[in-house]
Amino acid sequence: MANLDINRVRKSYGRHEVLKEVNISVGDGDFLVLLGPSGCGKSTLLNIIAGLEDITDGEVLIGDRLVNDLPPKDRDIAMVFQSYALYPTMTVRQNIEFGMKIRGVPAEERAKATEAAAEMLQMSTLLDRKPSQLSGGQRQRVAMGRAIVRHPELFLFDEPLSNLDAKLRVDMRTEIKRLHQRLGATIVYVTHDQIEAMTLATKVAVMKDGIVQHFGAPQEVYDRPANTYVARFVGSPAMNIIPGRLLNSDGAPTVAFDTPNGEALISGVTLSPEVARDFAGREVLVGIRPEHFSLDGEGVVPVGVDIVEPTGPDTLVVFSAGGTEVVARLDPVELGIGEQVRFAVKADKVVLFDPKTETRLD
Ligand code: ADP
Ligand code: MG
């Protein structure tokens with residue numbers, strides 16, 4: 001397995017620049033997720049790593065080896081696509097063995113590798129079936145089996161689960177996670193699904209318009225998003241971004257915003273002394289995750305309840321603050337429309353953004 005370094009990578013199609021100076025480095029055994037909406041350049045970057053697209057500028061290193069000019073077959077990678085590209089006339093076993101056969105791997109060794117992969121993917125009983133006799137999830141497993149038997153330095157997945165129905169997607173997600181844990185493989189995985197990213201990644205690169213907006217561990221991206229775009233893209237319901245202000249204060253930094261029921265005052269926000277000084281008295285965007293509101297503790301946000309949505313494990317409460325709609329996720333609770341309550345906020349989880357640049361302060 002290998003580390004992967006993407007240094008200053010650019011890609012243009014004619015005058016259309018689809019990747020703009022991408023820098024990403026992950027270590028041996030990392031699970032890197034490229035996350036972003038359709039058209040942001042995820043597949044282009046994956047194809048550049050694979051060698052299926054040439055690079056306009058910059059360098060790609062796999063295991064410290066510069067691969068810019070290496071054809072795909074010499075990069076020691078295995079790729080799993082959304083469309084599984086199985087040979088319809090071959091059995092599962094033949095599909096998995098095919099690549100090894102081409103490379104001249106002896107029959108006995110092929111059989112051993114195939115059976116080991118089938119066992120790992122819990123499809124030992126399916127080896128003699130044809131692809132047409134398999135479900136979508138099983139076909140996906142075969143595609144993964146084909147990748148596993150290559151023992152590549154790097155696994156590349158391009159939206160492998162997006163053709164599956166919701167339930168199966170969750171099962172396969174667990175399967176892929178297990179596979180990563182067993183193989184200790186380095187993986188690059190493309191998805192537009194932020195939950196897949198959060199659950200699978202050891203490192204996530206959130207992309208927009210060919211630019212990496214935030215690269216880091218999933219929890220860090222979730223807790224301290226680099227900008228409001230990342231804040232809104234990761235997490236569901238999204239982080240609330242409420243126009244407010246940072247107060248002049250000598251003690252713990254305090255933010256305020258207005259609601260139809262009065263002013264919300266949240267003190268004890270985490271902020272370096274320099275930033276607190278620079279932004280004192282200025283407008284800021286106050287980022288609060290829905291789950292950081294609660295009915296326990298000191299109520300600092302006056303709330304007039306607009307909508308109540310029980311989901312089972314928790315209850316979403318929609319209210320208005322700072323001129324926008326805000327969502328709180330509470331433990332199951334009965335609240336009436338129009339009811340007035342005060343919510344506590346986990347102040348140390350609040351993040352602030354510059355209203356001009358929309359980047360995180362600090
Ligand atoms: P994603 O995988 O994130 O949905 P892609 O990497 O497929 O995005 O595409 C990124 C951008 O590059 C899109 O605007 C797409 O239209 C453009 N693009 C992709 N491939 C080509 C190509 N072969 N020629 C011209 N433009 C392309
Ligand atoms: Mg794509």
Side-chain angles (χ1 to χ4, degrees), residues 4-26 30-60 62 67-69 71-72 75 77-86 136 139-140 143-144 147 154-166 168-169 172-173 176 186-201 203-216 218 221 225-236 238:
L4 167 70
D5 297 282
I6 298 162
N7 299 330
R8 304 176 311 279
V9 162
R10 292 173 180 278
K11 173 71 181 176
S12 300
Y13 291 108
R15 291 216 312 254
H16 184 193
E17 195 172 39
V18 298
L19 293 175
K20 299 162 192 165
E21 221 179 275
V22 172
N23 291 289
I24 294 173
S25 282
V26 294
D30 259 321
F31 196 125
L32 167 66
V33 173
L34 306 178
L35 173 68
S38 178
C40 72
K42 306 180 296 294
S43 294
T44 302
L45 184 54
L46 198 74
N47 290 338
I48 281 175
I49 297 167
L52 301 172
E53 286 283 358
D54 59 10
I55 204 167
T56 305
D57 201 10
E59 43 181 45
V60 175
I62 299 174
V67 298
N68 282 35
D69 299 319
R75 292 191 182 199
I77 51 163
M79 202 151 174
V80 180
F81 296 94
Q82 180 180 339
S83 60
Y84 321 119
L86 303 180
R139 285 180 209 171
Q140 183 57 263
M144 279 162 42
L154 198 59
F155 284 88
L156 305 177
F157 290 86
D158 195 345
E159 311 232 13
L161 308 186
S162 45
N163 281 347
L164 306 179
D165 66 41
L168 196 53
R169 213 152 58 212
M172 287 305 290
R173 199 170 76 199
I176 290 174
T186 312
I187 294 177
V188 185
Y189 185 102
V190 163
T191 183
H192 61 270
D193 180 338
Q194 56 96 18
I195 297 180
E196 266 176 37
M198 288 299 291
T199 51
L200 291 172
K203 292 283 168 58
V204 50
V206 184
M207 298 175 65
K208 180 193 169 202
D209 299 338
I211 297 172
V212 175
Q213 305 285 319
H214 195 159
F215 170 63
V221 169
N227 55 43
T228 57
Y229 176 82
V230 175
R232 289 191 173 106
F233 198 82
V234 177
S236 177

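When a ligand or atom number is given, it counts from 1 through the structure's own listing order.
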Q) Among Q213, K208, H214, whose side-chain hydrogen bond (donor to acceptor under 3.5 Å, both in side chains) with N227 holds? A) Q213
Q. In the protein, which heavy atom is nearest to atom 1 (P) of ligand 1, and how far is it?
A. G39 N, 3.4 Å
Q. For V18 and ligand 1, does the shortest N/O to N/O distance drop below 3.5 Å?
A. no
Q) Is H192 touching ligand 1 with its side chain, its backbone, both, or neither, if touching means heavy atoms under 4.0 Å apart? A) neither
Q) Has the side chain of K42 got a donor or acceptor atom that lies under 3.5 Å from a matching backbone atom of E159? A) no
**Q.** Nearest protein heavy atom with distance in Å, relative to atom 7 (O) of ligand 1
**A.** S43 CB, 3.8 Å
(Q) So if I count the atoms of ligand 1 from 1 in the order they appear, which ones are less than 4.0 Å from some heavy atom of S38? (A) 4 (O)
Q) For ligand 1, is G36 a contact, meaning one of its heavy atoms is under 4.0 Å away? A) no
Q) Can you tell me how far CZ of R232 sits from CD of Q194, rounded to the nearest 0.5 angstrom? A) 14.5 Å
Q. Just by distance, with hydrogens left out, do T186 and D30 show a side-chain donor and acceptor under 3.5 Å apart?
A. no
Q | Region of T44 engaging ligand 1 - heavy atom pairs below 4.0 Å | A | both
Q. How many angstroms lie between OG in S43 and CD in E53, if you round to the nearest 0.5 Å?
A. 10.0 Å
Q | Reported CD1-to-CG distance for the pair I195 and L200, which is rounded to 0.5 angstrom | A | 11.5 Å
Q) Considering only protein heavy atoms, which is closest to atom 23 (N) of ligand 1, and at what distance to one decimal place? A) Y13 CE2, 3.5 Å
Q: Pull out every atom of ligand 1 sitting under 4.0 Å from any heavy atom of H16, numbered as shown with elements.
A: 14 (O)
(Q) Please determine whether T44 has a backbone or side-chain N, O or S atom lying under 2.8 Å from the Mg ion (ligand 2). (A) no
Q. Between the main-chain N or O of V67 and the side-chain N or O of R75, is there a donor-acceptor pair closer than 3.5 Å?
A. yes
Q: Determine whether the side chains of E59 and N7 contain a donor N or O and an acceptor N or O closer than 3.5 Å.
A: yes
Q) Got the closest protein heavy atom to atom 8 (O) of ligand 1, with its distance? A) G41 N, 3.3 Å
Q. Distance from D57 atom CG to R10 atom CZ, nearest 0.5 Å?
A. 6.5 Å
Q.
Closer than 4.0 Å and a protein heavy atom, does any atom meet both conditions relative to atom 15 (C) of ligand 1?
A. no
Q.
Is it the case that ligand 1 has an N or O less than 3.5 angstrom from some N or O of E53?
A. no
